[in-house]
Number of protein chains: 2
Amino acid sequence: MDPLGSGMYDKSTATIANILSSAGALFLRKNYADVTIADIAEAAGVTKGAVYHHFANKESLYVAMMQAVLTEKQALFQAAVASPGTCRERLKRFTRTFLELPREKRDVTKLVRRDINTFKDPVRSQLILAYQSALPEQIEIILEDGVRAGELGLADVRLLSWMYVAIVEVMLTPYAERVFDNQNDQLDFVIRLFFNGAGAN
Amino acid sequence: MDPLGSGMYDKSTATIANILSSAGALFLRKNYADVTIADIAEAAGVTKGAVYHHFANKESLYVAMMQAVLTEKQALFQAAVASPGTCRERLKRFTRTFLELPREKRDVTKLVRRDINTFKDPVRSQLILAYQSALPEQIEIILEDGVRAGELGLADVRLLSWMYVAIVEVMLTPYAERVFDNQNDQLDFVIRLFFNGAGAN
DNA sequence: GGGGATCCATACTGGTCGGTATGTTTCTTG
DNA sequence: CAAGAAACATACCGACCAGTATGGATCCCC
């Protein structure tokens, strides 16, 4: 609660991190409603009391978990966005940093799409904004430059970025990981499909 | 329960259809756990007793709803698959029949991806199979022919079909419908992106 | 080393919801 | 039209779970 604090307990920050990480893993496996606070507490090695000491309720715990994962990535992503080169190179670099993340961190991004309907509108839009600014909008910036440079055809870049994310998410399925045996091939496939299409030649 | 029946009540088949349709609309808006049997009953104009008279439990109601929607479409889809022409033409025809479906029927296909984690393995794989045979596998057939004819580059067609479905699903979002003002433009955009990519020229 | 705050555990409550038990109506069949 | 079955409605139960209340342990500061 006081990350800049002078000399207060930092034992709590460790348990908070534990709770958030355990919650992320559980929310990934089961739907929001099917994950109980007791589950999270048990996975984190604490009790419900500890959880409710650090988080007001289940919703805010979920939001905190999501934002923790997203903001943790943000620096990496922005580096890829700010990197030099063609649109294709930058998008490839962006996707590589994404694919090279540990699996749990990667897959959490799919949660927003899945669970978004469970939340009502204060929390709902909060989650959507956090997600969009972390992923699609970053891609949007790269694509925007691509259109300006004539590297991409004229199109709605926001829509394009969503579709690109959708394609990449298919790459996170177990089947896709079975088809390719290394991340470079995955990467090349996605980039080639997005820029050149599936058509021959 | 006796669709071939001699002269039994067919009032029940009407209420069953009501229940299934109301359930579909509700499951589309809220997550599985957040839709109660009472909600479904109320939306269908009956009570819980009626629901539990026709369906053993909540799970089987969900499965029945999904299968009803999918098998209803199957004839239409197979016609598009069996139609003549190039891979591109057939895929376009397939997608058009999909996009021209009433919105509720269309969007139900997104449910499988969303709710699949809530079910355990007898029901889970049942749902996946029903979905895959209704959509991705039909597309797979078309793409398979495209690869054989040299119209598509060599690639894993199952993966390609999933990615195509993912792209089309992005077209079902409210934002995408705001970008285009008719379905023909949507269709052309998706087909062009898939075959030719987003790159210029 | 006492006072106070933070941290966490245990016990409990209120409400919700899936499912059941049982009554009541409506249709079919003989 | 009587008898039975199917199609519903109503009332209720039991389990589960988010959230609370409260007590005890741990640490900081003076």
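Proteins get letters first, then strands, A, B, ... in listed order; numbering begins at 1 in each.
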Residues within residues 30-51 of chain B bordering DNA chain D, heavy-atom distance below 4.0 Å: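 DNA chain D contact set from residues 30-51 of chain B: B:V46, B:T47, B:G49, B:A50.
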B:Y52 side-chain proximity, nearest of C:dT20, C:dC8, D:dC8: C:dT20
Please tell me if [X] has a side-chain N or O lying less than 4.0 Å from either OP1 or OP2 of [N].
| X | N | result |
| --- | --- | --- |
| A:H53 | C:dC7 | yes |
| A:T15 | C:dC8 | yes |
| A:H54 | C:dT6 | no |

Validation row: A:V147, A:E144 side chains within 4.5 angstrom (heavy atoms): no
Residues B:Y32 and A:D34: side-chain donor-acceptor under 3.5 angstrom: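 There is no such pair (donor and acceptor under 3.5 Å, judged by atom type) between the side chains of B:Y32 and A:D34.
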Modelled atom types, side-chain donor and acceptor of A:Y164 and A:T95, under 3.5 Å: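 On atom types as modelled, these side chains qualify, holding a pair under 3.5 Å.
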Atom-to-atom span, CZ of B:F55 to P of D:dA7 - whole angstrom: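 Result: 12 Å.
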Between D:dA7 (C1') and B:I16 (CD1): distance, integer Å: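 Checked: the CD1 to C1' distance equals 10 Å.
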Flag, side chain of A:E89 to backbone of A:T86, donor-acceptor distance under 3.5 Å: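 A pair under 3.5 Å: yes.
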Partner set under ring-ring contact (aromatic ring centres under 6.0 Å, His included) for B:F98, not counting sequence neighbours: none
ring-ring contact (aromatic ring centres under 6.0 Å, His included) involving B:Y131 - partner list, sequence neighbours excluded: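 Residues passing ring-ring contact (aromatic ring centres under 6.0 Å, His included) with B:Y131: none at all.
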